[in-house]
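Each remark here refers to the structure printed beneath this line.
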Amino acid sequence: MNPDVRVLDADQLRSAHMLFAATIHRGPVDDQRWSHTATTYSPGRTLGIHHGSALVATATSIPSKLVVPGGAVLPMAAVTRVGVRADHTRSGLLTAMMRTQLDDVAARGEPVATLRASEARIYGRFGYGVATRGRDLTVNAERASWRPGAPLGGSVRLLDRDEILPTMRDVYETFALNRVGSITRPDRWWQSMFGHRIDDREPALGVVHTGSGGDDGFAIAFRTSATGFAEQTLEIADLQAADVQATAGLWRFLLGVDLITSVRTELRPLDEPLELLLGDPRACVVTGQHDETWLRLVDVPAALAARSYGPADPVLLAVHDPLLEKNAGVYRIADGSAEFVGPLGGPVAPELECDAAALAMAYLGDRTPSQLVATGWWSAPDPGAVRRADAAFATAEVPWCGTYF
Ligand SMILES: CC(C)(COP(=O)(O)OP(=O)(O)OC[C@H]1O[C@@H](n2cnc3c(N)ncnc32)[C@H](O)[C@@H]1OP(=O)(O)O)[C@@H](O)C(=O)NCCC(=O)NCCS
């Protein structure tokens, strides 16, 4: 029997949140925490499956927007808080929720959905592919001298505690949507992400960078551990910078704070040039590299038409999508645009073929078609098309989101 997936009412959201928290092995939220979290649920977007009267599966999404190559900003469903109670897993509940959610997102006219995956083996089957990645860094502040000639950056000012969230929010909006892969942050996101840490009086540093054109970067960092008074670690929870000058200015400041011997951070852009700025590049140690954005092209014709393409002779790309059949077809990518030119198995013979997840891996520019053909994610009935596809899908910068949800 097909599981009965329902849209939850507002008075069921706290139970849904508790269920999700339990599936990722977190404790229940108290009233204060829930007051921050409740506002991050969007009405009518949380799904649930019951067993008897008990809620046993849930998933939600939040409306946001995603920047795609060329600068277009697409409505996006930010999928999150997905969980199935441990005694009901592997019986198709997630599959039922994902189908319902994809139909719902399509009906809302959101051509793309993204999520962060707890495990890499869950979402590919639903057409999600890794579209941005990031690296974790630990920097030894005592060894982090600056290379002569490295950008100096502008000035950095420290924010009062109650200024941190509104100031960061305002600065984010001035430049963050210039980067491919970045997303809008709803007002309530700031409070739910950092509000409890600030309210709990965790040691926090909030700073803004000002360059020649005004405020163009910010960071929030928390002191997370101390081995004695003079050996303390800062964790950068968010650092956004409009350019290399702002990046340099913020890192110079954070690495120069007295009594801090180590600075840690996660999921930074793959192209953040920290090692190029340091006199001793080994002061910066890459401690991990992970998938960041999992992207689902929900409306493939709209998503393909929305991004820009590099100059290249036409490419005929077949897209397979058994979950959302209306996406299936052959697309012609040429002259900086993309259009549907025929059904699969029809008169237009494709030169390249992929499924929705593998298309997502190239869509923002994280992977090239030639990498995907070489590793079997895409097939190439006409190998001569691979170079043309590389030229068409090429992007000038490495995509990165930088927003956790
Ligand atoms: C991940 C989770 C939501 C999957 O839910 P589920 O109801 O068990 O998923 P389904 O039964 O619909 O599984 C669909 C398919 O995915 C596979 N699958 C699901 N979760 C998987 C996992 N963690 N690892 C590997 N395969 C997985 C199933 O084996 C199944 O494969 P099949 O169709 O070949 O049999 C659930 O295990 C869970 O709540 N985990 C803990 C919380 C969590 O990680 N949430 C995700 C946050 S991003």
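If you're wondering where the values come from, they're calculated on a predicted model, not measured in any experiment. Whatever order the structure lists ligands and atoms in, that order sets their numbers, starting from 1.
When hydrogens are left out, the protein atom nearest atom 45 (N) of ligand 1 is Val82 O, 2.8 Å; that is the closest non-hydrogen contact. Of all protein heavy atoms, the one closest to atom 33 (O) of ligand 1 is Arg125 NH1, 3.7 Å. For atom 23 (N) of ligand 1, the nearest protein heavy atom (residue, atom name, distance) is Glu119 OE2, 2.8 Å. For atom 28 (C) of ligand 1, the closest heavy atom belonging to the protein is Arg90 CD, 3.8 Å. Ranking protein heavy atoms by distance to atom 38 (C) of ligand 1, first place goes to Val84 N, 3.9 Å. Nearest protein neighbour of atom 1 (C) of ligand 1, counting heavy atoms only, is Ile122 CD1, 3.4 Å. In terms of protein heavy-atom proximity, atom 13 (O) of ligand 1 is closest to Thr95 OG1, 4.0 Å. For atom 5 (O) of ligand 1, the nearest non-hydrogen atom of the protein is Leu94 CB, 3.3 Å.
Here the two rings, on His17 and Tyr41, have centers that are under 6.0 Å apart. Aromatic rings from Trp189 and Tyr172 are positioned such that their centres are separated by 6.0 Å or more.
Contact check on Arg387 versus Asp382 returns no salt bridge, with no Lys/Arg side-chain nitrogen under 4.0 Å from an Asp/Glu carboxylate oxygen. Here Arg388 pairs with Glu351 in a salt bridge; the nearest charged N to carboxylate O distance falls below 4.0 Å. Between Glu163 and Arg169, no side-chain nitrogen of the basic residue sits less than 4.0 Å from a carboxylate oxygen of the acidic one, so the salt-bridge criterion is not met. Between Arg197 and Glu235, at least one side-chain nitrogen of the basic residue sits less than 4.0 Å from a carboxylate oxygen of the acidic one, meeting the salt-bridge criterion. Using a cut-off of 4.0 Å between Lys/Arg side-chain N and Asp/Glu carboxylate O, Asp280 and Arg282 are scored as not salt-bridged. Between Asp103 and Arg108 no salt bridge is recorded (no basic side-chain N to carboxylate O distance below 4.0 Å).
Within a 4.0 Å radius of atom 40 (N) of ligand 1, the protein has no heavy atom. Distances from atom 35 (O) of ligand 1 to the protein include no heavy-atom value under 4.0 Å.
With a heavy-atom cut-off of 4.0 Å, Thr23 touches ligand 1 through backbone and side chain alike. Contacts of Met98 with ligand 1, taken as heavy-atom pairs under 4.0 Å, are absent altogether. Contacts of Ser91 with ligand 1, taken as heavy-atom pairs under 4.0 Å, involve the backbone alone.
The shortest non-hydrogen separation linking Thr293 to Arg116 is CA-NH1, 3.3 Å.
Near Gly83, with a cut-off below 4.0 Å to any heavy atom, the atoms of ligand 1 are 39 (O). Using a 4.0 Å cut-off to heavy atoms of Leu93, the atoms of ligand 1 that qualify are 7 (O), 12 (O). Ligand 1 places these atoms under 4.0 Å from at least one heavy atom of Arg116: 48 (S).
Remark: Arg296 is not positioned above the aromatic ring of Tyr123, lacking an NZ or CZ atom under 6.0 angstrom from the ring centre and at most 45 degrees off the axis.
Residue contact annotation: Tyr123 has a non-hydrogen atom under 4.0 Å from ligand 1. Ligand 1 does not have Met97 within reach: every non-hydrogen atom of the residue lies 4.0 Å or more from it.
Classification of the Phe175-Phe218 ring pair by plane angle, with boundaries at 30° and 60°, yields tilted.
At a 3.5 angstrom cut-off on N or O pairs, Ala117 does not count as close to ligand 1. Between Ser118 and ligand 1, at least one pair of N/O atoms sits closer than 3.5 Å.
For the residue pair His36 and Asp199, a side-chain donor N or O sits within less than 3.5 Å of a side-chain acceptor on the partner.
Nearest residue to atom 24 (N) of ligand 1 from Arg99, Arg81, Arg121, His25 is Arg121 (criterion: closest heavy atom).
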